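Everything numeric in this text was worked out from a predicted model, so none of it was measured. Values reported hereafter were calculated over all heavy atoms of this structure, with side chains retained and with hydrogens, waters and symmetry mates removed.
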Amino acid sequence: MITIEDIAVELGRTTPEAESIEAKQWESWIKRAMAAIEARATSLGVPLGSIDPDALDEVVIYAVVRRISRPPDAAVQVSESVGVDDASWRTDRRYSTGVGDVWISDDWWSRLGLSGGDPGWSGSIGYGGGL
């Protein structure tokens with residue numbers, strides 16, 4: 001089971017005080033990541049106990065660290081420039097990459113052996129309408 005100490009080590013930070021709001025957030029995000037993994041395993045008919053425990057811990061840590069490092073409103077800007085003969089144009093788009101919760105990438109689902117089925121908790125890029 002992943003602890004807030006494991007998360008702190010990964011981040012290179014001091015572990016937050018046990019009753020602090022930060023510690024409670026981290027504990028909540030650890031539980032959410034585990035719940036998402038368990039739900040996906042169940043929907044695919046994969047016993048949670050059959051998943052490599054090292055891979056499971058690694059994915060939970062990655063998901064929580066990503067959540068801590070990328071707040072829900074984080075966004076990435078994608079620019080596209082096109083030129084034809086004497087004309088050119090540029091398009092800028094912003095996509096939200098913080099989806100407001102812990103998020104497990106397609107690569108991490110694969111690492112767990114859970115890449116099939118409903119990708120409801122995965123994706124390569126978040127969608128942020130109106131940004």
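- In this structure, Asp57 contributes its side chain and Asp54 its backbone to no donor-acceptor pair below 3.5 Å.
- Residue pairs meeting the ring pair (Phe, Tyr, Trp, His ring centres under 6.0 Å) criterion with at least one partner in residues 33-55, sequence neighbours excluded, do not occur; the list is empty.
- Applying the side chain to side chain donor-acceptor pair (under 3.5 Å) test to residues at least two apart or on different chains, the pairs with a partner in residues 9-21 are Arg13-Glu22.
- Formation of a donor-acceptor pair under 3.5 Å by the Ser50 side chain with backbone atoms of Val46 is not found in this model.
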Go through it in stages, so that I can follow the logic: the residues are Asp6 and Thr3, the test is side-chain hydrogen bond (donor to acceptor under 3.5 Å, both in side chains), and I'd like the CA-CA distance, side-chain angles, deciding distance and then a yes or no.
CA-CA 5 Å; Asp6 298 320; Thr3 65; 3.2 Å; yes
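- Sorted by first and then second residue, the pairs that involve residues 50-70 and meet ring pair (Phe, Tyr, Trp, His ring centres under 6.0 Å), not counting sequence neighbours, are Tyr62-Trp108.
- Geometric assessment of Arg67 against the ring of Trp103 yields a negative cation-pi assignment under the 6.0 Å and 45° thresholds.
- Taken from CH2 in Trp26 to CD1 in Ile4, the straight-line distance is 7.0 Å, to the nearest 0.5 Å.
- The salt bridge (Lys or Arg N to Asp or Glu O under 4.0 Å) check on Glu58 picks up Arg111, with sequence neighbours excluded.
- Placement of Leu112 and Met1 within a single hydrophobic cluster is found when ILVMFWY residues are connected by side-chain heavy-atom separations under 4.5 Å, directly or transitively.
- Shortest non-hydrogen contact noted between Ala23 and Ala18 is CB-O, 3.6 Å.
- Taking CD1 of Ile61 as the reference point, atom CD1 of Ile30 lies at 8.0 Å (rounded to 0.5 Å).
- With sequence neighbours excluded, no residue satisfies side-chain hydrogen bond (donor to acceptor under 3.5 Å, both in side chains) with Gln25.
- Put simply, the side chain of Val64 does not reach to within 4.5 Å of the side chain of Ile2, judged on heavy atoms.
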Side chain to side chain contact (heavy atoms under 4.5 Å, CB included) between Leu114 and Ile51: does it pass, once the steps are laid out?
CA-CA 9 Å; Leu114 301 174; Ile51 297 172; 3.7 Å; yes
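- Results of the side-chain contact (heavy atoms from CB on, under 4.5 Å) test with Trp109 over Leu44, Ile104, Val59 single out Ile104 as the only residue that passes.
- Leu11 CG to Ser69 OG: the interatomic distance, rounded to the nearest 0.5 Å, is 5.5 Å.
- Qualifying side-chain hydrogen bond (donor to acceptor under 3.5 Å, both in side chains) partners for Thr42, counting only residues two or more places apart in sequence or in other chains: none.
- Taking CZ of Arg40 as the reference point, atom CG of Leu48 lies at 13.5 Å (rounded to 0.5 Å).
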